[in-house]
Structure formats: structure tokens, C-alpha cells
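Residue numbers start from 1 in every chain, and the chains themselves are labelled A, B, ... in the order their sequence lines are given, proteins ahead of strands.
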Number of protein chains: 2
Amino acid sequence: MGVVETTKPSLELLRSLSDEHVLRTLMRERRATRAEIAAATGLSKPTISESVKRLSASGAVVDTGERTTGRGRVGTYYALPASGRALVASLASTGVVAEAVDVYGEIVARATAPGADELHGAAQEVADGPFRLAVVSAADPVDRHTGRLVALPDAPLELGALDVPAALAPLVDGPITVDNDVNWAARAEPLRDFAYLFLGEGLGCAVVSDGEVRRGHTGVAGEIAHVVTVGPDGAAMRFTDVFGALGLRRARSTAIDVPKLLASDAHETLAGAVAGVLSAIVALADPEVVVVGGPWGRAWLEPIAHAFAQAPRHVPLRPATVGDELVAARATALEQLRDAVVSAATQR
Amino acid sequence: MGVVETTKPSLELLRSLSDEHVLRTLMRERRATRAEIAAATGLSKPTISESVKRLSASGAVVDTGERTTGRGRVGTYYALPASGRALVASLASTGVVAEAVDVYGEIVARATAPGADELHGAAQEVADGPFRLAVVSAADPVDRHTGRLVALPDAPLELGALDVPAALAPLVDGPITVDNDVNWAARAEPLRDFAYLFLGEGLGCAVVSDGEVRRGHTGVAGEIAHVVTVGPDGAAMRFTDVFGALGLRRARSTAIDVPKLLASDAHETLAGAVAGVLSAIVALADPEVVVVGGPWGRAWLEPIAHAFAQAPRHVPLRPATVGDELVAARATALEQLRDAVVSAATQR
DNA sequence: GCATTTAGGCAAGAGTCCTTCCTAGAATGG
DNA sequence: CCATTCTAGGAAGGACTCTTGCCTAAATGC
């Protein structure tokens, strides 16, 4: 708190600001003449001309060879050179998706593979030289500092002992961001303070506060398996143990047997247990709404909402919009890639 | 996410940056010659001279009349004029504290009064013209948008129906920031991801994530009274109800009877209940440590830590450093006051 | 064929930063 | 007591960046 950091005034600062305007305009427009850039940024034509001259000399923008047609003098189109790509990947037990995203936000290549251990192969398939950075969604808890998957008690790693950063390091020449799939799904919702509760084979929750997913110290915030809640006979019980007590786990595993659960008549007991967890979420995170996703979360939204409405404090529940965890991962990758390009071109 | 906001390059930007450097230096040093400011900021003497000329003309800095003594030419000391004050107040059922803080971080006036309803009077006592802003700590849940106290189920307002912003509005000519005392206490700890659990007559918790207290949508994040936990016979029970079941509440109230509690032999039951709440905190916030404060929280840290250590996931507990909720409130007020002075002087 | 339109360049002006040098005045030391 | 040393402040000059305004070249449309 209170660390005031004031940049020194300098003409270099102004110059880099102009350059940044030019680069970001070309990221939006793909190509533009100096006059078009001036109009789009609100800066004057001579300023843009100077900036383009600098950036051309350093190779940060290039003359595409194309020329305007139409009335008036022929203009020269400028564009960004091949600026590298970002890798966006999704890892689940059902398979891997790898995508290459360019600085315009275009998905320029895509590959899928059946097993999570084929991450490297899928990434290599969409590679075209080293990636400038990677953003990965994984269906397991993630350590926010190392990017490695974290084994929590009673929750075997769905993806096995895969070391994501190590698997990608040879292909990526920059930062590798890894986060949980539930957190990525939450980032796609346009709310500032809410929680995203995922109820499927695994249990998960993302807490969004002040517009950002809060990951906590190690990155496993929202791993709700051990929250104490109401079990079968009103007994206090950890959330994950409720499924054991009801015989709704898959054989020799702590994973929930979803088909069996959906076919069972345990609506009420489970809704009560979920309502207990929701009480903890509301108490600690104070969300505006709780978005409920996952196969049985969505199917049983009704009884869950009914049980939760009995609680002394409650908030509205809403089904998750059918979203893809890659949407937010792509957006993050694009933002990081653009920032990397701008800072590479403006820093010296 | 991804909203890139780039400031336009302009010479005015540089000028305001120089002015800000000068102003912030004078806030630290109280008075300085142009040469001293130049040395402190790293900017050149002519630049500082220009800035001081501008700021003197607008009245944002003044010649104090003092002159340097010592070898060399006599220098002119400049300083900030009377720049207004910030009000810092603390409200508890035991009484009110009001302080006036100036732009140097000095407490220039202080008043106390026995009842919370004397907020206006205490504030008026330390006033010297209108305050530029106010920062208030209140021993009740606070709505982060309105600054009003929030009545939650089973938790009567300790301070009554006091409307803090309305009480202060006539004295304050700017923003009024109100927050819970537990949140202020947490802000005084130098950690980025942790929770602060307060166990006294009331129950409270602050969640600090990524270096900031997270208040949630309405501002009542951390109000843990309704978290489901383990009650007397292993029954699932809301935290606040545990005290009712054990007969540890004050008469006709939901407040905890602390002397009775400390004299009771309910260590184990209560430690188990607290451990259940800690499980929820760890699951949802993933803190590095949990700082435990409040009269019986500190006294019973041992049994609580013992019970919590049985949980499948746990983090270290630590007693709260004997802190004053006003420390962080003062720091916030000072930062806001300085920002206000800088922006008033640099904007036009 | 000529007015219109448009990209880009040039020139001038204002403003901010810096480095370097100069000056006035005060304390220090022989 | 006087030369020396030290320091705050100012002035000069150069380097840049921004803007406005004007000019030129080339293509279109009537």
C-alpha cells in the first residue's frame, strides 16, 4: 500500500507512447496507411510518420508492398511483420487441444490429441518456430508459481503426473501461464464479483473478486472438496466424503460417478450438502451471484437452489453459459502476446 | 479483460509528471530548495525551476520566506500551502476516535468520545475547515457502495442504525471510505495472501488476496457466522449457532459472552468448530497463513491449531500482531489525500 | 480536360527536457 | 582581512517531440 511510483518525465516516454499507438492500431486493423493510423489514433500525421520511420528501421513494422487504390494519392500500407505466436492449450483427461494464436487474435492452427500426455506433440503440430508464450488450461489444481499440477488429499490427479511447463519449455521462448479449467471458465463471465461452482466428476469453484480470478497463495483457491457441510443424517462431513457415504464414487477412486448420481434419489441430501458449501462461498467471497456449471450442477440446479434458499444468507444461482474454457485462455494469450510485441518494440 | 488504455503522448503529460515529482518531494521533505528537489528527484535544476514557477503561480507551492544558511548562495525554501486534511475515524461500541491527518502524515488533532453516535461531534472537534476526505473503520459489516452499516441475520448492529456517510457528509468535501475494523486490521499485516480470523464477541474474517483485502460484491465478504461447521455432537451447524447450543451467548443477544466462554470447558468443541471454519477459509481463499486475533482467538490459539492440524488440508496459524485498526486507515487516508492534492494541482 | 480527393512531406512554432556555464552571496581558513 | 570554496539560482544552447498549416503528386469523376 502507498508505494507511489512515478515515472520520470522524458521525451523517450512520449516517443514510446506514440510507437505503442501505432503498433496497437496495426494489431486491430492488420494494415493501414500513415494517414489512416493518424485518423485512428488522433495523433498528427507528422508524428505518425516519424513513428513509422523509427519502427520500420527497427523492423517492428514493414511496408507490405500493397498500395491504396481509389481517389487521391497512392498510399503505402504498413503492417506488422510475422510477430510470433502464442500457444493456447487445454488439457483434460479426455484429450488435448492446442492452438496457435497470432497477434491479430486469429487461431492460425489447431490440433487435438486423445491423451493428456500428448501435449508436447499437439503443441509441436501447431508450432511454426518457437512460441513467444503459452497459456494452458488444465483440469487439475495448478500451483500458480511453478505451473505444475498439485495433488491434493482425496483428489488424485486427473491428468497424472504431467509436468506442463517442462513439457512445453522446449517449444516456448517465454512465459508459460497455467491455470485450472474452472478458473478459465469463470474468466469468460462478464461479472466482477461472483463465484463459479463446478459440479461434475470433480468438484471445483472459482472466486472472482474485483474483476479478477483470485488464486490464493499457492493457486488452489476454490478447491472445495474439504469444506465441512451437511451430510446424510445432518452430520457434519467434508463435502467429498458425502459422495463416499452415499456410495456415489467410482470404483477405487474419489471421483464422482455422475451417471449413478443422476440416476439416484439423493437429490435432497446432495442439495443440502451443496447448499452448505454455498453458505461458505457466500460468507467468504460475498458474490453477486453464483454461476453453477458441470454436468450434475446444471441438471440439479433446481433442488440446489431450493435448499440454498433456506439459508439465512443466500444469493441468486444461475446456470453457467455454455462456455468453452479456451475463450478466456485465448483472450489472455492475445493480451500477453500483444504486450510482449509492444514492449519488445518500444524498449530500446 | 484486455481493455488497453493508452494515454496520448503530449508535452502536457511530461509537465504534469514533473509537477508531481515536485509535489511528492515536498510531501516527504516538508520544505526544500529547488536544488534539493532536483537532487531528490533526479531531474535537472532548470526543469525543477520551471515546475516550481508554474506551481507557485497556481498557488500549489509557496515560498515559505525561510532561507538557507551555510556555505554558498542563500536558497529559497518552498513548501506546500495548507492543503486540507483527511479525517480518520474509528467506531466501536466502546467509543469513537477521530483524527485529522495532514498531507505529511502527521496526526494534527485527535478526539475521542464514549458513544458511537458522537461521531459527528468528535469529527467536528478535530476539524479545521472541511475535510478533503474521510476514512472510517467501523465494528460492523459495511456496504462497500453506500458506506452504510449492514444488518446481517443473527448479527444485530453493534453500532446501532448509525448512518456514517450521512453523519460525516456536512464536514467532508470529498469521498468517504468506510470499511470493517477487521479488514483494516488485516491491511496492517505485510502479507499478500492470507486470512485474518477475528474471534471475539463477534466473529469476523478478512480475506487478503494478491495484496488487497477482498470485500466482495456488497462488501461483507468474511462474515463467517453462517458457515456450516461441526457442532457439539458432530452435528452440522452454522458457526454462530454453536455458541447458542453451548449457552455461550449473552442474554437476549447473539453476541458471544467472552468471559463465560473463557471460563468454560468447551475448548475442544469450539476448537473443532473453528477448525471447520478454517477448512472453508483454506479451501476458498488458499491463504499462506491464517492470522488469528480477537480476545478468545488469541487465548485459545493452541487448541484451535491442534484441531485444525487434523484437517486434510491446513496452513500455519499465527497470532495477530497487536495492531491498531487505525494504522492502515491512516495510511489509506494519507495516500488518498496526497493523490487528491497532486491531481488537483496537475489537472489544469 | 479539369476540379476534387487523398497520402505524404516540409516548414514553422511551441514546449519540454537536458547539459554547461555564469553569477551572487555567504562561510571558511590562513 | 582577504582569497578561496561552496552553493542556489539563472541563462544559453541544443536536442527532441508534438502540433498546425501548407504544398505536392497522383488518381478519380464528371
Test of understanding: with side chain to side chain donor-acceptor pair (under 3.5 Å), list the residues that count as partners of A/E66, not counting sequence neighbours.
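Partners of A/E66 under the side chain to side chain donor-acceptor pair (under 3.5 Å) test: A/R31, A/T64.
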Scan for salt bridge (Lys or Arg N to Asp or Glu O under 4.0 Å) pairs involving residues 55-65 of chain B, sequence neighbours excluded, and state none if there are none.
B/D63-B/R67
Which pairs with one or both residues in residues 125-136 of chain A pass salt bridge (Lys or Arg N to Asp or Glu O under 4.0 Å), sequence neighbours excluded?
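Salt bridge (Lys or Arg N to Asp or Glu O under 4.0 Å) check on residues 125-136 of chain A returns A/R85-A/D128.
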Got a sec? Which of residues 45-67 of chain B come in under 4.0 Å of DNA chain D, heavy atoms?
B/K45, B/P46, B/S49
Nucleic acid contacts of residues 35-44 of chain A, taken as heavy-atom distances under 4.0 Å to DNA chain D:
A/L43, A/S44
On DNA chain D, reading 5' to 3', which nucleotide is the first and which the last to sit with an atom under 4.0 Å from a heavy atom of chain A, could you check?
D/dC16 to D/dG29
So [X], base contact, sugar-phosphate only, or nothing? Heavy-atom distance under 4.0 Å.
X: B/T69; result: nothing
X: A/L11; result: base
X: A/G75; result: sugar-phosphate

Close side-chain approach of A/T321 and A/E189, heavy atoms under 4.5 Å:
yes
Any donor-acceptor pair, under 3.5 Å, between the side chain of A/R71 and the base of C/dT4, if you only look at N and O atoms?
yes
With the threshold set at 4.0 Å, does a side-chain nitrogen-carboxylate oxygen contact exist between B/R144 and B/D179?
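Answer for the salt bridge query: no.
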Between B/R215 and A/D193, is there a salt bridge with N-O shorter than 4.0 Å?
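No, A/D193 and B/R215 are not salt-bridged.
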Donor-acceptor under 3.5 Å (B/D102 side chain, B/G105 main chain):
yes
Most 5' of A/T33 and B/R15 on DNA chain C, judged by nearest nucleotide:
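Its nearest nucleotide being more 5', the pick is A/T33.
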